[in-house]
Amino acid sequence: WDAFGMPAENAAIAHDSHPATWTSQNIDNMRTQLKRIGFSYDWDRELATCKPDYYRWEQWLFLKMYEKGLAYRKESFVNWCEPCQTVLANEQVEAGMCWRCGKPVRQKNLSQWFFKITDYAEDLLVYSDKLPGWPDKVTTMQKNWIGKSIGAEIEFLIDDPVKDRQQTISVFTTRQDTVFGATFMCLAPEHPLVLTLSKGTPEEASVQAFVERMSMQDRSAKTVENFEKEGIFIGVYCINPLSGGKIPIFTANFALMEYGTGAVMCVPAHDQRDFDFARKYGLDITVVVAPDDHDLDGTTMTEAYTGQGNMVNSGNFNGMDNTRAQEDIASYLEANHIGKRTVSYRLRDWGISRQRYWGAPIPMIHCKTCGIVPVAEADLPIVLPEDANLLAGGQSPLPELDTFAHTKCPKCGDPEARRETDTMDTFVESSWYFERYCSPHYNEGMIDKEAVDYWMPVDQYIGGVEHAILHLLYSRFYTRVLKDMGLVKYKEPFTCLLTQGMVCKETAVCPEHGFLLPEEVAQGNNGQNACTKCESPVTIGRVEKMSKSKKNVIDPNILLNEYGADTTRLFCLFAAPPERDLEWSEQGVEGGFRFLNRVWRFAAKHMAIIKDAPPYTGRLDHLSGDVKDLYRKTHETIQRVTRDIENRFHFNTAISAVMELVNVLYGADKASSAPEWPGVARFAIESAVVLLAPIVPHFSEEIWAEMGHAESVLLASWPGYRDDALVEDDLLIVIQINGKVRSRFNVAVDASDEAIKQKALSDERALKFVKDKRIKKVIVVKKKLVNIVV
RNA sequence: GCGAGAGUGGCGGAAUUGGUAGACGCACUGGACUUAGGAUCCAGCUCUGGCGACAGAGUGGGAGUUCAAGUCUCCCCUCUCGCACCA
């Protein structure tokens with residue numbers, strides 16, 4: 001929860017999103033929550049002013065992108081649930097079934113809108129290595145997602161003596177050195193040539209049935225590993241352009257329409273997947289790369305050979321090293337117009353069409369005579385209708401809503417035109433909100449260049465790892481588009497990125513009732529955990545991300561009521577550095593609470609004395625004893641906390657530094673009769689309070705006011721430390737014998753290396769370990785240690 | 001399968017450039033104060049042996065570099081995360 005003590009779920013909405021992305025449902029939720037805590041905010045004004053503007057400029061940019069071909073419409077395969085009439089995201093498909101109705105999901109070819117992010121694939125990839133402020137984890141995830149492969153596109157002529165089609169099939173490969181070993185070809189089931197080529201062949205009917213069956217197959221990652229490779233001969237052959245061999249064309253479920261050209265040349269001897277397929281269907285296996293140390297035989301080998309070697313069965317290229325053949329064959333293909341070097345990316349264009357009510361409507365109009373026509377700029381924004389029925393099970397109400405969908409063609413004036421009823425992915429909105437935040441009410445254009453020049457790029461961006469790819473990559477793409485349109489001057493929106501960890505907790509499972517809430521688990525008398533509903537023994541499962549479905553959640557209100565928001569926040573920050581996952585523990589909260597009380601009690605006890613004392617900020621060497629130590633510790637604490645927060649966001653060590661200071665304060669308590677005590681104690685407490693203010697603001701504010709400050713602690717300047725106050729009275733020197741610590745002694749700060757060495761060599765405890773052994777060498781590390789090598 | 005990250009006490013976690021491993025906190029143990037303590041204060045708390053002084057071992061395992069390795073190099077193991085029939 002945030003500074004207002006709002007539960008995380010709503011805080012996330014408040015912090016994450018621009019009002020334009022809010023749905024009516026979560027706005028109502030927000031209203032209720034904020035009312036509950038007595039926070040007033042003019043939502044209607046915010047929505048009335050922000051939302052249409054936000055839509056206007058987002059749609060304006062869409063039109064610009066459409067003009068440049070960066071926004072386009074194409075057919076694409078989606079997960080489709082027929083009973084629900086909706087498109088499903090991959091995570092909404094469970095074992096091939098729709099999560100809502102449980103009926104099978106099929107692949108459907110649907111016309112959708114896309115952003116051409118692939119135009120920027122190379123640039124996004126190159127700059128992934130130029131983001132030093134980002135965690136490597138995220139940049140490598142992005143690089144893998146973009147997935148660059150260097151290879152060649154090769155044309156295979158279709159062998160069709162009857163119809164004599166001079167048509168070729170294009171394949172993409174990264175192993176053009178193995179073309180001679182391509183003994184069959186596979187097309188993705190969705191590949192358009194599958195049905196056209198098989199037409200009229202004896203296989204036609206079975207191929208059609210196969211393609212239909214594959215369209216029902218669940219393509220989600222979970223089931224894909226259990227997939228059996230299957231395929232079917234489509235009744236037509238093609239010619240291997242290098243070996244001249246006639247090779248069968250299959251369609252197979254492991255060929256993906258989305259990658260490369262949707263067609264694969266299969267080299268079973270050197271690709272495991274092709275090998276499995278060839279063995280299953282009894283296809284030829286021709287070895288073309290021979291390893292140095294053993295012989296390969298296509299009829300007997302048990303797995304594909306993917307290593308290096310020399311070319312065999314490859315005509316003029318025989319005997320050549322295969323890495324060299326990689327280049328030479330590519331050149332040969334280009335010289336003979338059979339193929340060309342090319343680069344393929346895994347990254348696909350960004351599908352932005354959503355069949356939903358929320359999100360900015362795509363500003364396009366479909367006309368029977370003119371086709372797809374953009375909305376005139378002057379007619380923007382196209383806003384969502386307020387009278388839509390949102391209750392129809394998951395479907396968008398927009399296509400059915402005539403007041404919205406029915407319109408006039410801006411080109412020919414046909415009154416029977418229809419608006420595009422797809423809305424934009426809300427990721428579009430989150431791809432530029434940070435630019436809009438620079439001047440949310442600016443209306444001369446999409447982006448206020450002056451404001452953006454001043455504020456952007458974002459110095460420090462914070463979010464969960466779940467955004468590592470989609471949001472962060474889309475934002476980088478969108479920013480490049482804005483740059484190319486001259487709206488911003490930079491390519492990268494976020495200079496530094498911190499991905500915070502998740503809050504985790506163990507799960508509890510009852511054999512009767514499934515997952516249990518923590519309060520539904522009771523300690524039985526036999527020490528076993530039992531379900532409060534049925535008394536069956538409860539299994540404590542692994543620690544997982546807190547989620548409503550697993551019920552391993554903590555109701556924030558309980559903690560807020562018992563300890564308050566400050567304690568709870570202190571614990572969250574203290575338990576682990578922010579980038580790491582945090583395992584929730586109840587006792588830890590107690591510890592944080594104890595610490596705050598400890599600070600409070602100390603301040604209260606000494607308040608009368610320190611209240612009117614000016615804080616001591618003078619030299620260290622004017623002090624002595626415990627007061628001196630306290631003063632030094634205070635400066636050291638300021639230094640540590642500043643460094644930990646400013647450079648690394650390591651609040652856990654910052655808090656522990658203040659805890660140490662408080663421990664020293666308690667230890668120095670007995671010196672409270674010293675004349676310098678009030679000033680030094682005041683400086684120490686005041687510093688501790690300001691250092692804690694970002695972490696426990698209410699608590700700090702309270703003590704701050706008690707100490708007589710009229711202004712808020714939030715307005716106090718961050719304390720600075722004096723270098724001369726960090727100086728120790730004497731140094732602790734460690735004596736090692738052969739690298740093992742054997743003794744230690746104190747020495748004056750200004751002692752010379754030679755004096756330290758001599759003192760170490762006369763140290764009795766150390767000498768015990770030297771005994772009669774000969775001293776070979778003595779190493780003195782300045783102001784730290786002496787290592788005696790014997 | 002590919003890629004990335006991480007393995008430190010009973011637990012969460014500390015440890016600038018290689019230089020006292022275990023800061024700080026939790027839990028636990030003992031003591032003080034107290035009618036009481038689930039409050040507070042003080043102390044102990046890596047493991048093994050020993051009453052103790054002390055000794056030995058110790059940062060997933062194994063080698064190596066170095067006067068010196070949690071930290072650097074190589075190999076292996078385990079876990080987490082991401083991608084995944086990517087041609």
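Computed from a predicted model, the values in this text were never measured in an experiment. Convention: sequence-line order gives letters A, B, ...; per-chain numbering from 1.
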Kindly state whether the ring of A:Trp350 and the ring of A:Phe114 have centres lying under 6.0 angstrom apart.
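Not close enough - the centres of the two rings lie 6.0 Å or further apart.
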
Looking at [N], which nucleotide sits across from it as a Watson-Crick or G-U wobble partner, both distances under 3.5 angstrom, or is there none?
N: B:C41; value: B:G31
N: B:G5; value: B:C79
N: B:A55; value: B:U48
N: B:G13; value: none
N: B:C86; value: none

Anti/syn call for B:G9, syn if |chi| within 90°
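Classified syn.
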
Look at the rings of A:Phe250 and A:Phe277 and say which category their plane angle falls in: under 30° parallel, 30 to 60° tilted, over 60° perpendicular.
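A:Phe250 and A:Phe277: perpendicular rings.
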
Taking any heavy-atom pair under 4.0 Å as a contact, classify [X]: base, sugar-phosphate, or nothing.
X: A:Lys143; result: nothing
X: A:Arg640; result: nothing
X: A:Pro135; result: nothing
X: A:Gly147; result: nothing

Does [N] have OP1 or OP2 under 4.0 Å away from a side-chain N or O of [X]?
X: A:Lys777; N: B:C67; answer: yes
X: A:Arg175; N: B:A87; answer: no
X: A:Arg648; N: B:A15; answer: yes
X: A:Arg765; N: B:C54; answer: yes

Side chains of A:Arg476 and A:Gln142, donor plus acceptor under 3.5 Å
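A:Arg476 vs A:Gln142: donor-acceptor pair found between side chains.
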
Check: B:C67 base within 3.5 Å donor-acceptor of A:Asn787 side chain:
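Result: at least one qualifying N/O pair found.
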
By nearest heavy atom, map A:Gly667 and A:Asp271 onto RNA chain B; which one lands nearer the 5' end?
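Nearest-nucleotide comparison on RNA chain B picks A:Gly667.
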
Which whole number of Å gives the distance between the P atom of B:G62 and that of B:G38?
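45 Å, rounded to whole Å.
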
